[in-house]
Trainee: 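Before I ask anything, here is the structure I am working with.
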Amino acid sequence: TTTTKPTTTEPLTDSPAMIKEKKAVLNTYKKVVNTANAIKPGFTKVQYRTMDKDDSAKLVLGSVEKNYPGYFISQADAEAAPIVSAKFSDMSLFLLENTDYACLLSDKNASEAIRKVEKAEQSDGSVKITIVLRDEENPAVTPADSKTPESFTSAMFPVVDKEEIKEKLVSRQSGLTTIKDVNLLYHDCTLEIVYMPKTGKVVSVTQTTQYDCVVTYDLGVFGFAIAADKTASGTVTDTAVYSDFVY
């Protein structure tokens with residue numbers, strides 16, 4: 001399904017020095033993760049997703065976590081059953097479901113797409129890179145076989161289609177609510193990677209994807225609307241931790 005054109009919601013205020021730094025950090029990150037994607041190390045993945053809801057969302061969304069147990073999973077359950085990807089596997093479980101790349105963001109879009117970057121040496125000789133993206137509304141989904149991202153967020157993070165979310169909510173709407181629209185705001189999407197600079201090998205990656213799901217709905221009884229265009233919101237946090245790399 002085609003989503004609305006992705007919209008970055010924050011103004012661009014980077015200095016030339018900051019643009020240069022963002023490009024440099026992004027290119028280092030891309031080199032490390034795309035190399036890992038190519039050489040196919042083994043690793044362990046722990047991924048969990050939770051949702052915080054406001055009072056209106058508790059009515060509209062109900063027990064959405066129980067309705068979609070394949071998507072929502074607690075941290076404790078995920079850690080109790082980690083996913084192990086064997087060495088030389090197809091890397092479909094690593095960051096992006098893409099056969100060629102683990103990051104598709106071009107450095108020419110670094111300033112527009114990225115809010116901030118950090119790069120710091122660790123006491124053991126490793127280097128930690130942190131990349132935080134700018135907010136983006138309804139980012140389009142990038143196909144798994146694409147080499148060109150459809151949105152900034154999907155170039156680095158897994159995203160969901162707003163129309164797919166709307167379809168699922170409509171199929172389960174209660175007799176009291178009529179779902180009219182869904183808007184997704186991705187924010188504070190953060191990547192933290194630790195790697196060894198001498199070898200370029202990844203030590204660990206933590207990928208945190210967050211989005212606010214705002215649902216517009218009518219409230220009614222027996223088909224009669226008693227309140228129109230009300231909103232409910234919930235925040236989904238999707239965390240994926242990659243560790244124990246085997247080369």
Side-chain angles (χ1 to χ4, degrees), residues 1 3 26-51 65 68-106 113 126-133 136 139-161 164-165 168 184 186 188-196 199-211 236-247:
T1 304
T3 64
L26 175 61
N27 281 331
T28 298
Y29 171 78
K30 288 172 61 177
K31 182 178 180 179
V32 171
V33 296
N34 287 336
T35 297
N37 205 55
I39 64 176
K40 305 182 188 306
F43 58 87
T44 297
K45 178 179 181 180
V46 173
Q47 185 169 19
Y48 46 95
R49 301 185 187 93
T50 57
M51 186 176 196
E65 297 92 337
Y68 300 101
Y71 185 75
F72 291 103
I73 182 172
S74 69
Q75 181 176 353
D77 287 345
E79 290 176 345
I83 302 168
V84 178
S85 179
K87 189 175 180 179
F88 302 129
S89 295
D90 62 9
M91 298 299 285
S92 61
L93 296 174
F94 185 56
L95 296 173
L96 296 179
E97 188 180 350
N98 189 292
T99 56
D100 297 311
Y101 302 102
C103 178
L104 292 167
L105 187 64
S106 170
S126 64
V127 173
K128 180 180 179 180
I129 281 178
T130 303
I131 299 175
V132 183
L133 292 194
E136 191 170 30
V141 178
T142 297
D145 59 351
S146 177
K147 296 183 179 181
T148 304
E150 296 294 327
S151 58
F152 294 146
T153 307
S154 69
M156 300 183 74
F157 296 84
V159 303
V160 292
D161 188 326
E164 183 179 348
I165 296 295
K168 291 182 181 297
L184 304 180
Y186 279 77
D188 302 301
C189 293
T190 304
L191 276 161
E192 295 180 336
I193 181 171
V194 178
Y195 69 97
M196 302 304 295
T199 63
K201 292 181 177 180
V202 179
V203 176
S204 66
V205 186
T206 300
Q207 181 187 51
T208 305
T209 312
Q210 292 191 96
Y211 62 90
V236 175
T237 302
D238 179 343
T239 305
V241 180
Y242 303 83
S243 61
D244 300 326
F245 283 81
V246 179
Y247 293 92

Trainee: Main chain of M91, side chain of K40: is a donor-acceptor contact present, judged purely on distance under 3.5 Å?
Mentor: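 No: the side chain of K40 does not pair with the backbone of M91.
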Trainee: Decide yes or no on side chain to side chain contact (heavy atoms under 4.5 Å, CB included) for K30 and N27, but give the supporting numbers first.
Mentor: CA-CA 5 Å; K30 288 172 61 177; N27 281 331; 4.3 Å; yes
Trainee: Are Y195 and T28 close enough that some pair of their side-chain heavy atoms sits under 4.5 Å apart?
Mentor: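 SC-SC contact between Y195 and T28 confirmed.
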Trainee: My understanding is that only residues two or more places apart in sequence, or in another chain, count here; which of them pass salt bridge (Lys or Arg N to Asp or Glu O under 4.0 Å) with D90?
Mentor: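 By the salt bridge (Lys or Arg N to Asp or Glu O under 4.0 Å) rule, D90 matches no residue at all.
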Trainee: Which heavy-atom pair separates L26 from M156 by the least distance, and what is that distance?
Mentor: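 Distance-wise, the nearest heavy atoms are CD1-CE, 4.3 Å.
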Trainee: Is any side-chain heavy atom of D238 closer than 4.5 Å to one of P158?
Mentor: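 Side chain of P158 against side chain of D238, heavy atoms only: contact under 4.5 Å found.
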Trainee: Taking the six-membered ring for Trp, are F245 and F94 parallel (under 30°), tilted (30 to 60°) or perpendicular (over 60°)?
Mentor: perpendicular
Trainee: Where the side chain of S151 meets the backbone of A140, is there a donor-acceptor pair that is under 3.5 Å apart?
Mentor: yes
Trainee: Given side chains that start at C-beta, do those of V236 and Y71 come closer than 4.5 Å, heavy atoms only?
Mentor: yes
Trainee: Before giving the answer on side chain to side chain donor-acceptor pair (under 3.5 Å), spell out for S92 and E97 the whole-Å C-alpha distance, their side-chain angles and the decisive distance to 0.1 Å.
Mentor: CA-CA 5 Å; S92 61; E97 188 180 350; 5.9 Å; no
Trainee: Between the side chain of T142 and the main-chain N/O of E150, is any donor-acceptor distance below 3.5 Å?
Mentor: yes
Trainee: Could you pull out all residues at least two apart from Q207 that satisfy side chain to side chain donor-acceptor pair (under 3.5 Å)?
Mentor: none
Trainee: Before giving the answer on side chain to side chain contact (heavy atoms under 4.5 Å, CB included), spell out for V46 and S243 the whole-Å C-alpha distance, their side-chain angles and the decisive distance to 0.1 Å.
Mentor: CA-CA 9 Å; V46 173; S243 61; over 6 Å; no
Trainee: Please list, one pair per line, the donor and acceptor atoms closer than 3.5 Å that link side chains of residues 72-87 to other protein atoms, with sequence neighbours excluded.
Mentor:
{"from": "S74", "atom 1": "OG", "to": "D77", "atom 2": "N", "distance (Å)": "3.1"}
{"from": "S74", "atom 1": "OG", "to": "D77", "atom 2": "OD2", "distance (Å)": "3.3"}
{"from": "Q75", "atom 1": "NE2", "to": "E79", "atom 2": "OE2", "distance (Å)": "2.9"}
{"from": "K87", "atom 1": "NZ", "to": "Y247", "atom 2": "O", "distance (Å)": "3.0"}

Trainee: I'd like to check Y211 versus V159 (side-chain heavy atoms, cut-off strictly below 4.5 Å). Are they in contact?
Mentor: no
Trainee: Side-chain contact, heavy-atom cut-off 4.5 Å: V202 with F43?
Mentor: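 When only atoms from C-beta onward are counted, F43 and V202 do not touch, as no gap falls below 4.5 Å.
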Trainee: Under the side chain to side chain donor-acceptor pair (under 3.5 Å) rule, collect the residues that match up with D244, sequence neighbours excluded.
Mentor: none
Trainee: Suppose we screen for side-chain contact (heavy atoms from CB on, under 4.5 Å). Which residues come up paired with N98, at least two apart in sequence or across chains?
Mentor: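 Result, side-chain contact (heavy atoms from CB on, under 4.5 Å) vs N98: L96, D100, Y101, L104.
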Trainee: Take N37 and L95, measure what side chain to side chain contact (heavy atoms under 4.5 Å, CB included) needs, and give me the verdict at the end.
Mentor: CA-CA 9 Å; N37 205 55; L95 296 173; over 6 Å; no
Trainee: Would V194 and S204 count as a side chain to side chain contact (heavy atoms under 4.5 Å, CB included) if you check the C-alpha gap in whole Å, the side-chain angles of each, and the deciding distance to 0.1 Å?
Mentor: CA-CA 5 Å; V194 178; S204 66; 3.7 Å; yes
Trainee: Can you find a pair of side-chain heavy atoms, one from L191 and one from F157, that are under 4.5 Å apart?
Mentor: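 The answer is yes, as the side chains (C-beta and beyond) meet within the 4.5 Å cut-off.
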Trainee: Who are the side-chain contact (heavy atoms from CB on, under 4.5 Å) partners of T199, not counting sequence neighbours?
Mentor: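 In terms of side-chain contact (heavy atoms from CB on, under 4.5 Å), with neighbours along the sequence ignored, T199 is linked to M196, K201.
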